2 protein chains.
Amino acid sequence: MKGSSGPSVPEASLRRLPQYHYYLVGLQAQGITVISCSAIGRDLRYVPVQVRKDLQFTGIIGKPKVGYSVAELLVAIESLLGWNNANEAFLVGTGNLGTAILGHERFSRFGLQVVAAFDNDPRKVGQCVHGKPVLSLECLIPLAGRMNVHMGIIATPPEAAQAIAEEMVKAGIQAIWNFAPVKLNLPEHIIVRNEDLYSSWASLSCKLARRLRVPLEENASLN
Amino acid sequence: MKGSSGPSVPEASLRRLPQYHYYLVGLQAQGITVISCSAIGRDLRYVPVQVRKDLQFTGIIGKPKVGYSVAELLVAIESLLGWNNANEAFLVGTGNLGTAILGHERFSRFGLQVVAAFDNDPRKVGQCVHGKPVLSLECLIPLAGRMNVHMGIIATPPEAAQAIAEEMVKAGIQAIWNFAPVKLNLPEHIIVRNEDLYSSWASLSCKLARRLRVPLEENASLN
DNA sequence: TAGATTGTTAATCGATTAACAATC
DNA sequence: TAGATTGTTAATCGATTAACAATC
């Protein structure tokens, strides 16, 4: 039993959907109203059938020989991703990264609204960062309940992340976006997304090291 | 022909290796010198055989009934990921995100050393951000050649990303870490890693929307 | 109509997991 | 030795791609 909201979207498709979204917004700005899988695939470098499979999860039905309605797709993707109604979120940790996230006003267009930030540094508490109040960590639990916040963002040093996450769970938060490079140990039902920059860096760094290590002539045959 | 550096590591393992690394550093700090797959798996929530498969790519051979040498694993992972010798990198875009990356001094421990930042805002050029000089974009190509820099980080608004990436390629840069939410169109041989925060956000947001949409009783059976 | 494009079923591919022999 | 743990081969699973019928 998968609930009443259709089949669950595979992680891989979920990662591509925002790319289609960004692309479709661009098309709409150019006044283009219909688009085919092959055109999307050409511009975004995916095979057309993959685009088709992904778009099927939106429930939008295309017209053979014509394509899909750009406007319909946009609405459907936003609805599928939950971007149509705002998620209010708390952010903990107002270092460099936390500050950057607070300042990224573009997020608000995609349903993410950070309503308050938290820090344990008394010099920061009481200040505003990018227009958001920085509060003491002790306020997190009482405020989350009162404001009915379901989402938490962790941008603390790794050592603090687990404790903060547990606080968030106690506060009734259901989904956590974790920017600290630690695996969080939390109850099954909490939705966690780890944004591990070291993992990404590893991928890049490994491939470059490989490239620089092997003789130049071999590079062509390397992927 | 896959080059002379052993079999290429699958992306999925590559993403887990930094997690093992972080975990092993912690063990070493506690004075633990050997560790088994089952212990790693228990703490990091992976099945032991997966840990074993991943660790095999390091080339380190464990001792049955004992486990793996923590020190050996650390050295091997660092070498595999190319973290043992510094990659000098250029960063373009000194907005919130670019500033955060520049300030993340922890990266330098993992072989990433940003040597210069670039921006097209004349008010920023000539300043320093987190100790790194901000230069005019025109300096990128000549400097990259002279300093032999192979890595570029893009932290610009999406509209600028493609043009910057092309500049980087002209400058001889071989690997690009792209934080702008656009698919870059570049020659095959350029190594690109997209750090698309919207993709991550989509995954989280979709799952939370689903959770909040379905009746509470069904949540238990939802994953 | 003819041809391009969608929708769908089947085949392929790669990654994860299971099973089990080898070893300290 | 007995038992835990590694290393490896085979089975499973899911995602991608190929093939083809349906449709405007």
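Just so it is clear: chains get the letters A, B, ... in the order the sequence lines come, proteins before strands, and each one is counted from 1. These numbers come from a predicted model, not from an experiment. What's counted below: heavy atoms across the whole structure, side chains too, no hydrogens, waters or symmetry copies.
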Trainee: Would you mind reporting whether B:L204 and A:M151 have side-chain heavy atoms less than 4.5 Å apart?
Mentor: yes

Trainee: Separation of A:I61 atom CD1 from D:dT23 atom P, in whole Å?
Mentor: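 Taking CD1 of A:I61 and P of D:dT23, I get 12 Å after rounding.
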
Trainee: Could you check whether atom CD1 of A:I61 has more than 12 heavy atoms from other residues, nucleotides or ligands sitting under 6.0 Å from it?
Mentor: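 Count not over threshold, so no.
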
Trainee: Would you indicate which nucleotide in C:dG7, C:dT17, D:dT17 comes nearest to any side-chain atom of A:Q50?
Mentor: D:dT17

Trainee: Does the side chain of B:F90 come within less than 4.5 Å of B:I153's, by heavy atoms?
Mentor: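 No, every pair of side-chain atoms sits at 4.5 Å or beyond.
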
Trainee: Has B:Y46 got a side-chain N or O lying under 4.0 Å from the OP1 or OP2 atom of C:dA15?
Mentor: no

Trainee: What is the separation between atom OH on B:Y68 and atom P on C:dT23, rounded to the nearest whole Å?
Mentor: 15 Å

Trainee: In whole angstrom, give the distance that lies between atom CG of B:L14 and atom P of C:dG14.
Mentor: 17 Å

Trainee: Give the rounded distance in Å between these two atoms: CD1 of A:I60 and P of C:dG7.
Mentor: 10 Å

Trainee: Side chain of A:P10: nearest nucleotide among D:dT5, C:dA15, D:dA15?
Mentor: D:dA15

Trainee: Over how many whole Å does the gap from A:L73 atom CG to C:dT5 atom P extend?
Mentor: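 Distance, rounded to whole Å: 16 Å.
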
Trainee: Report yes if at least one side-chain N or O of A:R15 is closer than 4.0 Å to OP1 or OP2 of D:dA15; otherwise report no.
Mentor: no

Trainee: Both distances under 3.5 Å, Watson-Crick or G-U wobble: on that basis, could you give the dot-bracket string for DNA chain D, with [ ] for crossing pairs and | for other-strand partners?
Mentor: ..||||||||||||||||||||||

Trainee: Roughly, in whole Å, what's the span from CD1 in A:I40 to C1' in C:dA4?
Mentor: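 It is 16 Å, rounded to the nearest whole Å.
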
Trainee: Of the listed nucleotides (C:dG7, C:dT5, C:dT23), which one gets closest to any side-chain atom of A:P64?
Mentor: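 Among the listed nucleotides, the one closest to the side chain of A:P64 is C:dT5.
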
Trainee: On DNA chain D, nearest-nucleotide positions of A:V66 versus A:V47: which is more 5'?
Mentor: A:V47

Trainee: Check whether any side-chain N or O of B:R52 sits under 4.0 Å from OP1 or OP2 of D:dT6, and answer yes or no.
Mentor: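 Checking D:dT6 against B:R52, a side-chain N or O does come within under 4.0 Å of OP1 or OP2.
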
Trainee: I need the minimum non-hydrogen distance between B:D54 and B:R16, along with the two atoms involved.
Mentor: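 Minimum heavy-atom contact is OD2-NE, 2.6 Å.
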
Trainee: Can you list the steps and then say if B:R193 with B:E11 is a salt bridge (charged side-chain N to carboxylate O under 4.0 Å, His left out)?
Mentor: CA-CA 11 Å; B:R193 169 82 208 185; B:E11 195 63 29; 3.1 Å; yes

Trainee: Is B:Q56 near enough to D:dT6 that one of its side-chain N or O atoms lies under 4.0 angstrom from OP1 or OP2?
Mentor: no

Trainee: What nucleic acid atoms does B:V49 come within less than 4.0 Å of, heavy atoms only: base, sugar-phosphate, or nothing?
Mentor: base

Trainee: In whole angstrom, give the distance that lies between atom CZ of B:F57 and atom C1' of D:dG7.
Mentor: 13 Å

Trainee: Mark yes or no for a side-chain to base donor-acceptor pair under 3.5 Å between A:K63 and C:dT5, with no hydrogen or angle criteria applied.
Mentor: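 Donor-acceptor pair under 3.5 Å: no.
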
Trainee: Could you walk me through whether B:F107 and B:W177 satisfy the ring pair (Phe, Tyr, Trp, His ring centres under 6.0 Å) test, starting with their C-alpha distance in whole Å, then the side-chain angles of each, then the deciding distance to 0.1 Å, before giving a yes or no?
Mentor: CA-CA 13 Å; B:F107 276 137; B:W177 202 1; 5.8 Å; yes

Trainee: Please give, in whole Å, the distance from C:dT5 C1' to A:L55 CG?
Mentor: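 The distance from CG of A:L55 to C1' of C:dT5 comes to 13 Å, rounded to the nearest Å.
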
Trainee: Side-chain donor or acceptor of B:K53 under 3.5 Å from a matching atom on the base of C:dT16?
Mentor: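 Check fails, no donor-acceptor contact within cut-off.
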
Trainee: Mind checking if A:K65 touches a base, just sugar-phosphate, or nothing, with heavy atoms under 4.0 Å?
Mentor: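 Counting heavy atoms under 4.0 Å across all strands, the contact made by A:K65 includes a base.
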
Trainee: Using 30° and 60° as the class limits, which term best fits the ring planes of A:H104 and B:Y198: parallel, tilted or perpendicular?
Mentor: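 Correct class here is tilted.
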
Trainee: Among A:Y46, A:Y23, A:Y22, which one satisfies side-chain hydrogen bond (donor to acceptor under 3.5 Å, both in side chains) with B:K183?
Mentor: A:Y46

